[in-house]
Amino acid sequence: METQQAPVVELDHIGKRYEQKVAVADLSFQISPGMIFGLLGPNGAGKTSSIRMMIGITLPDSGTVRLFGEPFRRAHLRRIGYLPEERGLYGKMGVLDQLVFLGRLHGLGAMAAERSARAWCEKLEIAEVLQKKTEELSKGMQQKIQFIATLLHDPELIVMDEPFAGLDPINSNLLESALLDLRKAGKAILFSTHRMDQIEKMCDRICLVNQGREVLSGGMREIKSRYPRNRVAIEFEGDGSFLEDPSIAEIRDYGNHVELKLKDGADPQQLLRRASGQARIFRFEMMEPSLEEIFIRTVKGEANA
Amino acid sequence: MPDALLIAQREYLQRVRSKAFLFTTLAFPLLLGIIFGGRFFAASQSQARSSPALVIASNDLNLAQDVRENLESDTAPLHTVTVIAPASPAELDQLRHAVEEGHYEGLLWLESVPGVAQPQAIYESRNVENGSSTVLLQDAIALAVTRRELAAQGLTREAIHRAIHPVDLKVVHLKSSRSQSLLSYAAPYIMAFVLYFSVIYYGMNVARSVVQEKTSRIFEVLLATTRPQSLMAGKLLGVGAVGLTQIAIWLALALLWAKPAMARFGMAGASLAHLGITFSQTAFFVLFFLLGFLFYSAVAAGFGACLDSEQEIQQFSFIIVLPMVVCLVLTPDILQHPSGPLAVALSLFPPCTPIVMFLRMSAQAPPAWQVWLSLVLMGAAIWAALWIAARIYRIGILMYGKRPTLPEIVRWMRYS
């Protein structure tokens with residue numbers, strides 16, 4: 001999936017302190033065109049601070065930010081779409097007026113901004129709200145408007161902090177496929193979220209930060225392959241006494257299936273043989289570690305270290 | 001279009017189209033009209049009450065009619081006059097009684113004595129008359145006598161008229177001699193009040209708008225393309241333009257209202273100039289609005305960036321408006337003693353300059369060097385306020401949840 005084109009974002013050992021607290025320390029990563037990059041981390045890990053430095057809202061105390069192959073310049077900002085975690089729209093303003101205003105602020109002409117706003121509203125199925133006041137819309141609709149505002153000017157770099165927060169599955173899918181289209185069109189996309197399933201599904205590369213430092217980074221496949229496949233999902237009927245096997249470290253019973261975590265070095269084939277001797281097996285799946293698991297393990301490991 | 005102008009344009013259109021703008025634009029003059037109009041009405045009513053019915057009794061009908069004519073031909077007639085002549089002693093008693101009952105304000109008894117030019121004149125009244133009224137009666141009688149004597153000398157009616165036609169006296173209003181008239185006080189007073197109101201109202205609007213954008217988190221979206229300085233400049237420009245628009249509407253309303261209103265007060269053909277509102281005064285009004293607005297809105301923007309809610313603005317607004325309130329309270333003193341040490345000092349103190357210098361200029365032309373000095377000081381103060389506010393603004397708008405301490409704010413200013 002990774003392309004060899006020049007990276008759109010290059011953060012090189014950036015750091016930032018606020019008063020007594022280190023917000024970001026020595027963080028480096030790159031994002032290439034056509035890539036979805038996931039920035040993960042617990043609350044207060046420094047994700048938002050990193051993003052703010054990346055787009056020049058604040059300046060790093062150390063390190064450098066390069067965008068589109070050159071040192072950061074304010075002119076770059078018109079090629080970036082930014083959806084902050086803290087959403088903001090003018091409640092009293094009409095939706096179309098608002099989108100046109102934000103589009104013009106990103107360098108579009110009034111006509112072009114309106115055309116783009118209408119096209120995006122069609123695409124995200126909310127064309128009927130264009131004439132309404134923003135404050136009359138539901139949270140989810142406002143979220144879509146904000147999403148559109150980020151993309152109006154056809155940015156080459158898209159930065160989204162928690163883009164799916166507060167959306168129902170239908171709208172969530174709608175935005176997801178919009179982002180996947182944008183990736184296909186060669187845009188560089190960074191998003192930051194707590195929703196591990198979404199990161200897992202969409203991201204090509206991730207960077208996990210904790211307490212302002214990078215603790216894990218790389219391609220999604222490569223990171224996962226670093227962790228052993230020691231989780232097993234079993235769907236069965238009949239005698240469940242195989243679940244007391246000494247090779248099992250942890251059991252989670254979900255009713256229609258159980259998920260097991262095997263002890264290090266345990267042989268799953270042996271467990272399968274024992275299980276199939278006792279019960280009817282419908283499914284026996286060796287699962288790769290979920291990102292959530294990796295996330296929790298890494299962050300906790302940090303805390304314990 | 002530069003970002004700041006785009007932001008100003010949005011701010012302007014959004015506000016001018018709002019119901020609040022329509023409301024304040026209409027309600028404020030209405031309120032002023034009720035307060036000040038009520039006073040004028042009361043004043044004019046008391047004038048009407050003091051224009052009493054008068055009765056002239058005489059043994060000489062011609063003389064009595066002549067005096068009545070003189071009294072009534074006055075440009076602002078003070079009396080309605082009834083003439084009873086020749087009057088019998090019984091009628092005279094009846095009239096005296098009528099005066100006592102309050103049907104007439106007073107009774108003027110004129111008795112021509114043959115062979116003597118001057119008639120005997122007795123004025124009887126329940127009230128102790130004020131001087132000007134007695135002088136009016138004396139003048140009217142003297143004029144009638146003069147006319148009769150000239151006619152006796154053989155002069156024609158026209159010749160007499162030419163000789164004693166009142167001189168059209170032009171009255172020149174010298175700035176240095178303080179005018180006592182109600183109207184010439186009212187104009188600067190009302191204008192100072194409007195100045196106070198608009199500077200505070202729009203300054204506070206800036207603070208409120210900063211806090212609203214902060215709580216709605218739209219700053220973060222805007223800051224992703226534009227500089228905090230442009231945001232602040234755009235906001236001040238936009239809100240200031242709304243203020244100017246409102247003032248322009250008020251001035252236009254005042255012009256429309258002034259003519260018919262003054263015609264009703266018996267000043268037909270009058271204009272705003274007769275109210276003591278001159279073109280240069282209007283120009284200075286606009287200038288001082290702009291200066292005051294820039295200063296106070298910069299201060300308010302800085303405050304707004306440190307605060308998190310409208311309630312907090314309420315708490316702090318008192319500190320911001322305090323100097324203006326002091327000026328407003330001292331307005332009568334400043335108009336009384338426009339060159340006194342208090343007025344001079346306050347007019348050179350930038351937070352007070354807009355109102356106090358405006359009042360001084362309305363009451364009496366202050367020395368040019370003081371005007372220039374106040375403008376220079378004001379300019380420097382605005383520059384300093386903008387500089388400090390921009391620095392606080394840049395960092396404050398991204399800080400949520402906790403009000404910064406003073407040392408923190410000082411540190412913000414040192415960040416480059």
Side-chain angles (χ1 to χ4, degrees), chain A residues 17-20 23 48-49 51-52 54-59 61 74-94 97-110 113 133-135 142 145-150 152-153 155 157-161, chain B residues 1-21 208-231 234-235 238 308 393-402 404-405 407-412 414-416:
Chain A
R17 300 177 65 92
Y18 287 112
E19 310 293 327
Q20 305 306 320
T48 303
S49 298
I51 291 175
R52 282 182 179 172
M54 197 168 99
I55 59 176
I57 292 181
T58 53
L59 295 175
D61 299 335
R74 290 199 66 85
H76 291 146
L77 293 178
R78 299 202 157 171
R79 297 159 74 182
I80 301 176
Y82 173 47
L83 178 82
E85 180 181 9
E86 303 278 9
R87 303 296 140 70
L89 291 170
Y90 290 107
K92 305 262 180 234
M93 241 180 143
D97 284 349
Q98 176 135 258
L99 288 174
V100 169
F101 168 69
L102 291 171
R104 292 179 72 190
L105 215 48
H106 282 90
L108 292 182
K133 269 193 182 174
T134 308
E135 62 189 359
Q142 292 193 20
I145 301 298
Q146 192 104 52
F147 188 85
I148 292 170
T150 312
L152 279 173
H153 54 295
L157 170 61
I158 299 162
V159 179
M160 295 198 164
D161 212 343
Chain B
M1 191 186 284
D3 289 353
L5 285 185
L6 203 58
I7 287 158
Q9 185 193 40
R10 193 207 73 84
E11 196 79 41
Y12 179 81
L13 291 176
Q14 199 63 24
R15 281 168 191 280
V16 167
R17 288 178 191 154
S18 73
K19 291 194 186 76
F21 179 77
R208 205 169 301 124
S209 145
V210 170
V211 168
Q212 270 165 8
E213 293 195 353
K214 206 173 151 180
T215 48
S216 78
R217 306 297 200 241
I218 191 139
F219 270 142
E220 189 122 11
V221 178
L222 301 179
L223 284 177
T225 54
T226 182
R227 290 168 187 278
Q229 294 93 312
S230 309
L231 280 179
K235 196 166 282 295
D308 259 330
Y393 196 83
R394 206 179 36 183
I395 297 171
I397 53 178
L398 285 174
M399 298 280 174
Y400 307 119
K402 117 182 177 344
T405 60
E408 269 173 342
I409 294 177
V410 171
R411 253 198 310 270
W412 291 358
R414 288 209 222 102
Y415 288 146
S416 55

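Proteins get letters first, then strands, A, B, ... in listed order; numbering begins at 1 in each. Below, all heavy atoms of this structure are taken into account, side chains as well, without hydrogens, waters or symmetry copies.
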For this session: Please state whether the side chain, the backbone, both or neither of A/Leu102 comes within less than 4.5 Å of a heavy atom of chain B.
Result: side chain

Problem set entry | A/Lys92 and B/Arg17, any side-chain heavy atoms less than 4.5 Å apart | no

Exercise. Looking only at heavy atoms, what is the nearest atom pair of A/Ile57 and B/Glu220, with distance?
Worked result: CD1-O, 4.0 Å

Exercise. What part of A/Arg78 lies closer than 4.5 angstrom to a heavy atom of chain B: side chain, backbone, both or neither?
Worked result: side chain

Exercise. Atom CG of A/Leu105 and atom CG of B/Leu222: how far apart are they, to the nearest 0.5 Å?
Worked result: 6.0 Å

Exercise. Between B/Gln212 and A/Tyr90, is any side-chain donor less than 3.5 angstrom from a side-chain acceptor?
Worked result: no

Seminar exercise, completed: Output for pair (B/Leu223 CG, A/Arg52 CZ), nearest 0.5 Å, gives 8.5 Å

For this session: Evaluate the criterion side-chain contact (heavy atoms from CB on, under 4.5 Å) for residue pair B/Gln9 and A/Arg104; output intermediate values, then yes/no.
Result: CA-CA 12 Å; B/Gln9 185 193 40; A/Arg104 292 179 72 190; 3.3 Å; yes

Exercise. Checking heavy atoms, do the side chain of A/Glu85, its backbone, both or neither come under 4.5 Å from chain B?
Worked result: neither

Seminar exercise, completed: Minimal heavy-atom distance between B/Ile218 and A/Gln98, with the atoms involved, is CD1-OE1, 4.4 Å

Exercise. Got a second to check how far B/Thr225's OG1 is from A/Arg79's CZ, nearest 0.5 Å?
Worked result: 15.5 Å

Seminar exercise, completed: Of the listed A/Gly56, A/Gly88, A/Pro84, the one with the largest count of heavy-atom pairs under 4.5 Å with chain B is A/Gly88

Problem set entry | Contact origin within B/Ile7 toward chain A - heavy atom pairs under 4.5 Å | both

For this session: Could I get the full list of side-chain hydrogen bond (donor to acceptor under 3.5 Å, both in side chains) partners for A/Asp97, not counting sequence neighbours?
Result: none

